[in-house]
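Reading through the structure tokens given below for one structure.
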Amino acid sequence: MFDPSRSSTHVSRDNDTAVITLSIDSTCDLCEGEETPLCVKYCAYGARRVSR
Amino acid sequence: MKPHGYAGRVLRVDLTEGRTTEEPTMRYAESYVGGRGINARILFDELNPSVKLLDPENMLLFGVGPLVGTLSPFCSRVSIDTKSPFTGGVGSANCGGHFGAEMKYAGYDSLVITGRAENPVYLWLSDGEAELVDADGLWGKTTWDTERAIRSSRNDNEVRVIGIGPAGENRVKSACIISDRAKAAGGSGVGAVMGSKNLKAVAARGSQPITVAEPKRFIEAVDAARKKIEQFPKARLYREDGYYGVESVYGSPAWEAGFRPVRNGQDDYWDPEKIKRVAGDTIKPYRKKILACFGCPVGCMPWMVVPEGPYKVEGEGWWNNSSNSFCTRVDCDDPEAAIKAHLLTNQLGLDSDNASVAIGWAFECYEKGLLTKEHTDGLELTWGNHDAVITLLEKLAYREGFGGFLADGVKAAAERLGGGSEEFAVHIKGQDSVDGIRVSKGWGFGVVTSPAAGRHLRGAIHSFSPERFLSYEDVPWRVYMQEQYKAILDMTGTCLYNNGLLSWETEASGHAAHHLAELTSSLTGMDLDVERFMRIGLRVHNLEKAFNTLHGGFTRRDDYPPKRYWEEPVKSGPYAGEHIDHEEWERMLDEYYGLHGWDPETGWQTRETLVSLGLTDVADRLETAGRLHS
């Protein structure tokens, strides 16, 4: 399901400046069970990476 | 239980009574999927042909398809439909951004707006609740300031806003509806209809989940579609340079093949030195980044900055059509003035395509001595006078002085002025049309036969392959197929500008309809193979055609190009002398009507065709009105 209220990650954009902010909260489990966190996998711009 | 892939609810808003009601989306979704499909069905069923264009009884529908708000690529689109103030037929527009996804998260798939509020209001949608909010303080504001004000009042910078600017408030026919400050649902006067209802905006914020029927299969379908996109070299180029940056570099066919009519369509070829000053590669310094709509794996819209000088401006938006509207059509080659003009249209809520057609026509009238400074509030409408263009946009949006003369579209203006100006008033079925159609026959035929009247977002073939521009071969069939494919895009909420990436006719990407059928089936649980999906697309197209016949009275004669493009050839450049062959056009119309099963003489639909599409009731209504071929 696609459920914004359960998402651990958030992308927002300031429409006055076009500055894009990415945030991740403490509930993120790096999509446990997945090979790659889905936000990393589906970020077409390569803006997200896992840093261990 | 909420249906998979849908918010599950259609919201009906009676602005006159200030009342909202709801009904289940699935009442319509099985036969019309969503978005434009559901809009078309409700509009046809419920709008009486006697309703005038800006009457409170006219309807304004916002529809978001099932794929919107999911991981499906390119799925952000909102379809907006009404009875068009330009044509009296179907008015249909569409935009991306982030509003559509938020509308679903707020709990609604479709909005059906009727009536007129006594005072300005905006509609607030949040987690299954709908509320009409006083908008007196917003009336008169630009679309940008409206978004700022609503977000500020809600203390939430993630609220998504779609609404009108001063142009819509003043019921200017070229008014559009702007989402997220930059995404224009342009054409068909949808902004004028919204303004006539005293509805300033719709704002949404939500956290309602969208469930998936078959998650594993859906993710596999997403991965397959994205893989296909990444295989296409242009995906990377768009991401780096934006759509305009890629498709309009100097020397590209886009400049030479008639897609950008010059000086109100007097020619289709522009001076190369002027092209160089506004081509994609030379406009780069003004582009600070590329932005993407919700769920888009590519991104195509630039953030433009003119840092200083008289045209200082900053904001999202500059598009292929911008260089048509504010460069070639008015012969202006100042990139900073053109960027300023485009971003001004976003703020004022003007559709740059429609607005520039009326302005281009006025410039030609001035050139021919039909208009003078006495008429134009002292403005010198000489080709290349970009300051006059910018001033006219403001006047148009506020119906101020000469702007008011242009505010009902080029057809109305030409009828009032006369003097032969009707000959070069470029409109199709009554709607101002920005598209050049003399060179690329597939593009032109799709533009002219579009039920949304003179728009390239229906059957127009988006193949930029020079060897196919001039050919009439297979055009009717390709347009017929593209119409169905575009309906699928609009029903699901998918962006057309995946075209070339997932287009049904692009060899590099193959069978896009297959991807969309698989995505939609796995998401919703509906059994949609390509054949069934395309058939639903055909059904929606036929509904709109029937609406046009019933409300607009259109027949075959309305499927001819504007007089200028019918009679005048291209004057210069590599396609000099190119024109529309009248016999070929007639042959194409015969073939096209034949493919559709419509009567070639009148262009009317037949009972047999409508029944085969499950539209027996539509046939009955047309027959009662005496507009069904027998």
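Each chain gets a letter, A, B and so on, in the order the sequences are listed, and its residues count up from 1. These values consider heavy atoms only, across backbone and side chains, with no hydrogens, waters or symmetry-generated copies. Remember, it's a predicted structure, so these values are computed and weren't measured experimentally.
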From CG (N15(A)) to CG (N157(B)), nearest 0.5 Å = 8.5 Å
What do you reckon, is CD of E220(B) surrounded by more than 12 foreign heavy atoms closer than 6.0 Å?
-> yes
Could you tell me which non-hydrogen atom of F2(A) sits nearest to which non-hydrogen atom of F218(B), and how far apart they are?
-> CZ-CE2, 3.6 Å
Atom group of V305(B) that falls short of 4.5 Å from chain A, counting heavy atoms | neither
When P297(B), P215(B), C296(B), P209(B) are compared by non-hydrogen pairs under 4.5 Å with chain A, the top option | P209(B)
In terms of heavy-atom pairs under 4.5 Å with chain A, the winner among H98(B), E314(B), E316(B), H4(B) is E316(B)
Max heavy-atom pair count under 4.5 Å with chain A, selected residue of I290(B), V212(B), D223(B) = D223(B)
Side chain, backbone, both or neither: which part of E147(B) has a non-hydrogen atom closer than 4.5 Å to chain A?
-> side chain
In plain terms, say whether E158(B) and R13(A) are close enough for a salt bridge, that is, a side-chain N and a carboxylate O under 4.0 Å apart.
-> no
Side chain from CB out, backbone as N, CA, C, O: work out which of these in I20(A) comes under 4.5 Å of a heavy atom of chain B, or both, or neither.
-> both
Atom CG in L71(B), atom OH in Y42(A): separation rounded to 0.5 Å?
-> 6.0 Å
When rounded to the nearest 0.5 Å, the distance separating NZ of K288(B) from OG1 of T17(A) is 14.5 Å
Crowded around D29(A) CG? As in, over 12 foreign heavy atoms under 6.0 Å?
-> yes
Side chain, backbone, both or neither: which part of R148(B) has a non-hydrogen atom closer than 4.5 Å to chain A?
-> side chain
Side chain, backbone, both or neither: which part of S7(A) has a heavy atom under 4.5 Å from chain B?
-> neither
Check whether A101(B) gets within reach of chain A through its side chain, its backbone, both or neither, counting any heavy atom under 4.5 Å.
-> neither
R226(B) and K41(A) have their tightest heavy-atom pair at NH2-O, 4.4 Å
Decide yes or no for D3(A) and T211(B): does some side-chain heavy atom of the first lie under 4.5 Å from some side-chain heavy atom of the second?
-> no
